[in-house]
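What you are looking at is a predicted structure, and each value in this text was computed from that prediction instead of being measured. Order of appearance sets the numbers: ligands from 1, and atoms from 1 within every ligand. Side chains are part of it too, since the values below use all heavy atoms of this structure and drop only hydrogens, waters and symmetry mates.
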Amino acid sequence: MQKYIVKAKRAGKKIGFVPTLGALHEGHLSLIRRARKENDLVVVSIFVNPIQFGPKEDFKKYPRPLAKDRRLAKSAGADVIFNPSAEEMYPSGYQTYVEVGKLAEGLCGAARPGHFRGVATVVAKLFNVVSADKAYFGQKDYQQVQVIKQMVEDLNIPVQVVICPIVREKDGLAMSSRNQYLSPEERISATCLSEALKVAKAMISSGIKDAIKIKKEMRNIIESNLLGRVDYIEIVNAENLEPVQKMQGRVTIALAVFIGKTRLIDNMVIG
Ligand code: PAF
């Protein structure tokens, strides 16, 4: 992969990179299409990164429909699929990890200890292998994008991080590879995340500034849904992810909710 990229760069090609865990959906395809528009060569990595999953999480059952993913990625404009094995990425004796500080501690970082260490490590490795000019990430994983941007800045990695909008189903559910775990009944309940965000936005538009009041209303919406269990609901400063008490400047409303056994996340940035 590295040799291939060196050659492409020597030929003056601009490289766009879309890192993924696979199980591609419209959200991923929107990133690939954007990369296609803005670059000469588009690389998509498909790697279910073991070190970003906790011991009780879904690493083993995470879907791996490789043939379908290849087809979808190519149809959206990918030139190269990079699909390394876990042994290639973490050979025996591997011992270097990337840990981003405060940004990685709250929200999903608190709920999934070690998750962002795994993400930052694999993304740093992928950036070294692919040497892209631009790398594309979805806003659905808002904290992940902030952590990666910080890592890129702190480690002087010469790549531009491009954040792309959340792609939603018609009923508002944010697209996610994990949506396929949902039973038909759970799938209906799963709209409670985007509904809670919509209500929060309406409250803010009507002039309500108190974060506690907004979070309480969001929690009511999730809890009135029999299959929903709140993991967290937070309103944070959109840059440093510190919780805010009053709506001021750019804030991100972020939530993680279990629908049955499936943990889903969603967010909205309010300017
Ligand atoms: O968002 C994802 O799909 C993953 O966390 C990433 C960025 C590909 C790292 O494994």
Student: So, is the end of the K61 side chain (NZ or CZ) under 6.0 Å from the ring centre of Y181 and within 45° of the ring's axis?
Tutor: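 That pair qualifies as a cation-pi contact.
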Student: Is it true that the NZ or CZ of R34 lies under 6.0 Å from the centre of Y136's six-membered ring and within 45 degrees of the ring axis?
Tutor: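 Not satisfied by the 6.0 Å and 45° rule.
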Student: Honestly, is R64 close enough over F59, meaning NZ or CZ under 6.0 Å from the six-membered ring centre and within 45° of the axis?
Tutor: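 Yes, R64 lies over the aromatic ring of F59.
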Student: Quick one: ligand 1 N/O to protein N/O pairs below 3.5 Å?
Tutor:
| unit_1 | atom_1 | unit_2 | atom_2 | d |
| --- | --- | --- | --- | --- |
| ligand 1 | 1 (O) | Q144 | OE1 | 3.4 |
| ligand 1 | 1 (O) | Q144 | NE2 | 2.7 |
| ligand 1 | 5 (O) | Q52 | NE2 | 3.0 |
| ligand 1 | 5 (O) | Q144 | OE1 | 2.7 |
| ligand 1 | 10 (O) | Q52 | OE1 | 2.6 |

Student: Is there a donor-acceptor contact under 3.5 Å from the side chain of D266 to the main chain of L173?
Tutor: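 Side chain of D266 to backbone of L173, a donor-acceptor pair under 3.5 Å: no, none is there.
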Student: Could you tabulate the donor-acceptor pairs under 3.5 Å formed by side-chain atoms of residues 210-221, not counting sequence neighbours?
Tutor:
| unit_1 | atom_1 | unit_2 | atom_2 | d |
| --- | --- | --- | --- | --- |
| D210 | OD1 | I212 | N | 3.0 |
| K215 | NZ | E234 | OE1 | 3.3 |
| R219 | NH1 | E223 | OE2 | 3.2 |

Student: Do V269 and I253 come close enough that some side-chain heavy atom pair is under 4.5 Å?
Tutor: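 A side-chain contact under 4.5 Å is absent here.
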